[in-house]
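To keep things clear, I will list the structure first and then write my remarks on it.
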2 protein chains.
Amino acid sequence: MSEKKYTVGQLAKSTGIKSVTIRYYEKIGLLPKAARSESGYRLYTAQDHSRLRFIRRSRGLGFSLDDIRELLSLADQQQAPCASVDAKVNQQLEQVRARLKDLQAMEHELKRLNGCCEGGVIFNCRIIETLSNETVGAGSPTD
Amino acid sequence: MSEKKYTVGQLAKSTGIKSVTIRYYEKIGLLPKAARSESGYRLYTAQDHSRLRFIRRSRGLGFSLDDIRELLSLADQQQAPCASVDAKVNQQLEQVRARLKDLQAMEHELKRLNGCCEGGVIFNCRIIETLSNETVGAGSPTD
DNA sequence: ATTGACCTTATAGCTACTATAACCCTTATT
DNA sequence: AATAAGGGTTATAGTAGCTATAAGGTCAAT
């Protein structure tokens, strides 16, 4: 008995990853080259579906495609220690936290700016003024 | 008396924006075309310095270059109402908050994954297992 | 037979830079 | 005066992770 096969569109629908993206993943070697029907259509198996779900989930956690490539290759080495997987997750967590910190700083600043001019004209606009102000590390060209 | 002029490198050093980037900003019309010395070097004024500082500060708040283009053109219309500036800031604030929400969800998930396998092998790795799991909107291809 | 919804490929575009190559200018030192 | 270091100039290609476009082949139904 041969496995059930799916077209790229069916896979797309069931994973939420677009057909173009799936082909792109194949092109960059993130997915193995799909089998083809007589007429040249790609044919996918349940395994591909699972791999794609893995990718989608990892993307959702902010992993880069390169990271995911590594994770996938790790996932295939069932007897390897999972310390390296752990390390990747840890690393990603720190990256996310760093970006969080940046964004929080942005939010703070934007909140400060938001609504600080009440119906005036730009000449008196505190926002524009603030944006134009000196910042650390941006002195005059003669510094 | 003619203004003091600065080279691209001097401007770069004092604004923290690299020379290449400054040239790039000129190329895409974010900065006006700089005057040139006899030998073809770009010559910048204090005004350019201020404009660049504005860009840097806005970038730091996460504004896109297109947003900044608009902000700059608004900043030049001193008698226009600053409602549109306000709106841009507001919009940016919401975008930042949306990204924050995403990142917080990522952090939450990563924290959950982090360190959940204790020195085992990948075959038993809870992380890999979790990443492979079904998610909402990612059923089987036959759904 | 023809429509419409799918599939195929190759190529270019997107953001905001960064890297590279190959060359010209200025300044200081030998 | 020659030369070397450290600027500057241009054009072009590469980065991530897709998305859009064009120009065509396939499949199922009418």
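Heavy atoms only: backbone and side chains are in, while hydrogens, waters and symmetry mates are out. Each chain gets a letter, A, B and so on, in the order its sequence line appears, and its residues count up from 1.
The OH atom of A/Y24 sits 20 Å away from the P atom of C/dC7 (whole-angstrom rounding). Straight-line distance from the CG atom of B/L31 to the P atom of C/dC17: 12 Å, rounded to whole Å. Here the P atom of nucleotide C/dA16 and the NZ atom of B/K18 are 16 Å apart, to the nearest Å. Straight-line distance from the CD atom of B/Q10 to the P atom of C/dT27: 11 Å, rounded to whole Å. Put simply, NZ on A/K27 is 8 Å from P on C/dT11, counting in whole angstrom units. Regarding B/L65, its CG atom lies at a distance of 6 Å from the C1' atom of C/dA16, rounded to whole Å. Taking atom CD1 on B/I28 and atom P on C/dG13, their separation rounds to 17 Å, with Å as the unit.
In this structure, B/Q77 contributes its side chain and A/I122 its backbone to no donor-acceptor pair below 3.5 Å.
Contact annotation: A/Y41 side-chain N/O to D/dC27 OP1/OP2 distance is not under 4.0 Å. For C/dT15, the OP1/OP2 oxygens have no side-chain nitrogen or oxygen of B/S64 closer than 4.0 Å. The side chain of A/R42 contributes an N or O atom lying less than 4.0 Å from OP1 or OP2 of C/dT8. In this structure, A/R36 does not reach the C/dC7 phosphate: none of its side-chain N or O atoms is under 4.0 Å from OP1 or OP2. Distances shorter than 4.0 Å separate none of the side-chain N or O atoms of A/R23 from OP1 or OP2 on D/dT19. For D/dT9, neither phosphate oxygen OP1 nor OP2 lies less than 4.0 angstrom from any side-chain nitrogen or oxygen of B/S39. One finds a side-chain N or O of B/T21 lying less than 4.0 angstrom from the OP1 or OP2 phosphate oxygen of C/dT18.
A/Y25 comes within contact range of the sugar-phosphate backbone alone, with a heavy-atom separation under 4.0 Å but no base atom that close. Within the 4.0 angstrom heavy-atom criterion, no nucleotide atom of any strand lies near A/S37.
Checked for salt-bridge contact, A/R69 and A/D66 meet the test: a charged N lies under 4.0 Å from a carboxylate O.
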Which is it for A/R126 and A/E129 under the salt bridge (charged side-chain N to carboxylate O under 4.0 Å, His left out) test, yes or no, and what are the steps along the way? CA-CA 5 Å; A/R126 309 271 307 143; A/E129 198 193 323; 3.3 Å; yes
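Taking the screw axis at each terminus of the helix from C/dA1-D/dT30 to C/dT30-D/dA1 from five consecutive base pairs, the angle between the two is 30° to within rounding of 10 degrees.
Other residues, nucleotides and ligands contribute over 12 non-hydrogen atoms within 6.0 Å of the CZ atom of A/R99.
Side chain to side chain, A/D76 and A/S73 fail the donor-acceptor criterion of an N or O pair below 3.5 Å.
By the rule that hydrophobic residues join a cluster once side-chain heavy atoms approach within less than 4.5 Å of another member, A/I28 and A/I17 end up as members of one cluster.
B/M106 is not listed as a side-chain neighbour of A/Q95, based on a closest heavy-atom distance of 4.5 Å or more.
Projected onto DNA chain D by closest heavy-atom contact, B/G40 and A/D66 fall at different nucleotides, the more 5' of which corresponds to B/G40.
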